[in-house]
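Note on naming: letters A, B, ... go to the chains in the order of the sequence lines (proteins, then strands), and numbering restarts at 1 for each one. Basis for what follows: all heavy atoms, side chains included, without hydrogens, waters or symmetry-related copies.
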Amino acid sequence: MPRELMKEKRERAIAIAQRMDEHFPAAECALHYWGDPFKLTIAVLLSAQTTDRGVNKVTPALWERYPTPQALANADVNEVEEIIRTIGFHHAKAANCVKCARMVISDFGGEIPQDMTLIQKLPGVGRKTANVVLNEAFGIVEGIAVDTHVFRIAHKLKLVGPSADTPQKTEDALLKLYPRQYWGPINHQWVLFGRQICIARRPKCAECFLSDLCPNSGK
DNA sequence: ATCCCGAGGG
DNA sequence: CCCTCTGGAT
């Protein structure tokens, strides 16, 4: 891409980030227990393709029954499944919770590792969850958590090209586009934007604060 | 019907 | 690259 075009694109990207900041000031993780890295990891793991509300509803009972990684490591999977039954994919997630706890105990000395590669060895923890936990629990901003919202919005705003057809390629493109200081806020603000305004199949373009910066406004 | 702060396996 | 896993809210 010619340098002038690249510069224009970056300026538009920065403008978008600033608007996001104005519209969603001090946005933070909608999941509870961000003060405890282990609990946050489990909460984010549980939240895959379910609502934050659903997760926040079941985690109090989960932590009451299993207050520590050690307690969860010793848990009966069926009992865990019973507690989280009301959220989606609960069968696999219950098994992953317990496996996570066991691995944290056996391999990581009882603590969530502060390392992008190691943390993804936990079952059910992929790159998106890893980014969220590193960012939220440890203040380590190593990448951008690309979920379905970030993916959709990046493409709709044409901040990434059509070849960025996977979450990883989209993340790489956004990392090149945005200076480091913008990475953290994207994780929280774009999700809110995606849920409230740029909704997947019926975006509210009429009331969107980015419509003048969006090549796809109205489509 | 559609969506929800995805990951793992074939 | 595709598929599957899941229940609740709107």
When the P atoms of dT6(C) and dG10(B) are considered, how many whole Å apart are they?
-> 16 Å
Whole-angstrom distance between dC4(B) and dC5(C), as gauged at atom C1' | 14 Å
With sugar-phosphate meaning primed atoms plus P, OP1 and OP2, does [X] contact a base, only sugar-phosphate, or nothing at under 4.0 Å between heavy atoms?
{"X": "Gly88(A)", "value": "base"}
{"X": "Asn56(A)", "value": "nothing"}
{"X": "Val125(A)", "value": "sugar-phosphate"}
{"X": "Ser47(A)", "value": "sugar-phosphate"}
{"X": "Gly54(A)", "value": "nothing"}
{"X": "Arg201(A)", "value": "sugar-phosphate"}

Salt bridge present between Asp212(A) and Arg12(A) (N-O < 4.0 angstrom) = no
Is Asp147(A) salt-bridged to Arg152(A), going by a charged N under 4.0 Å from an acidic O?
-> no
Of the nucleotides [options], which one has an atom closest to the side chain of [X]?
{"X": "Thr129(A)", "options": "dA7(B), dT6(C), dC4(B)", "value": "dA7(B)"}
{"X": "Val191(A)", "options": "dA9(C), dG6(B), dC5(B)", "value": "dC5(B)"}
{"X": "Asp165(A)", "options": "dC5(B), dC1(C), dT6(C)", "value": "dC1(C)"}
{"X": "Ala92(A)", "options": "dC5(B), dT6(C), dG8(C)", "value": "dT6(C)"}
{"X": "Arg53(A)", "options": "dG7(C), dC4(B), dA9(C)", "value": "dA9(C)"}
{"X": "Thr148(A)", "options": "dC1(C), dC4(B), dC5(B)", "value": "dC4(B)"}
{"X": "Thr50(A)", "options": "dC4(B), dG6(B), dG8(C)", "value": "dC4(B)"}

Take atom [atom1] of [X] and atom [atom2] of [N], then tell me their distance rounded to the nearest Å.
{"X": "Lys57(A)", "N": "dA9(C)", "atom1": "NZ", "atom2": "P", "result": "5 Å"}
{"X": "Ile199(A)", "N": "dC3(B)", "atom1": "CD1", "atom2": "P", "result": "9 Å"}
{"X": "Gln49(A)", "N": "dG8(C)", "atom1": "CD", "atom2": "P", "result": "16 Å"}
{"X": "Ile84(A)", "N": "dG7(C)", "atom1": "CD1", "atom2": "P", "result": "11 Å"}
{"X": "Arg127(A)", "N": "dG8(B)", "atom1": "CZ", "atom2": "P", "result": "13 Å"}
{"X": "Gln196(A)", "N": "dT10(C)", "atom1": "CD", "atom2": "P", "result": "14 Å"}
{"X": "Lys204(A)", "N": "dT2(B)", "atom1": "NZ", "atom2": "P", "result": "17 Å"}
{"X": "His149(A)", "N": "dT2(B)", "atom1": "NE2", "atom2": "P", "result": "17 Å"}

Would you say the base of dC5(C) and the side-chain of Lys93(A) have a donor-acceptor pair closer than 3.5 Å?
-> no
Establish, with yes or no, whether the OP1 or OP2 oxygen of dG7(C) is under 4.0 angstrom from a side-chain nitrogen or oxygen of His90(A).
-> yes
Think Arg195(A) has a side-chain N or O under 4.0 angstrom from the OP1 or OP2 of dC5(B)?
-> yes
Are any of the side-chain heavy atoms of Pro167(A) and Arg127(A) separated by less than 4.5 Å?
-> no
Under the side chain to side chain contact (heavy atoms under 4.5 Å, CB included) rule, what do Tyr66(A) and Val80(A) come out as? Steps first, then yes or no, please.
-> CA-CA 9 Å; Tyr66(A) 311 106; Val80(A) 175; 3.8 Å; yes
Between [Y] and [X], do the side chains contain a donor N or O and an acceptor N or O under 3.5 Å apart?
{"X": "Asn78(A)", "Y": "Glu82(A)", "result": "no"}
{"X": "His188(A)", "Y": "Glu136(A)", "result": "yes"}
{"X": "Glu142(A)", "Y": "Asn131(A)", "result": "no"}

Given that Val146(A) and Arg202(A) both sit by DNA chain B, which one's nearest nucleotide is further toward the 5' end?
-> Arg202(A)
Please tell me which of Gln120(A) and Val44(A) maps to the more 5' nucleotide of DNA chain B, matching each residue to the nucleotide holding its nearest heavy atom.
-> Val44(A)
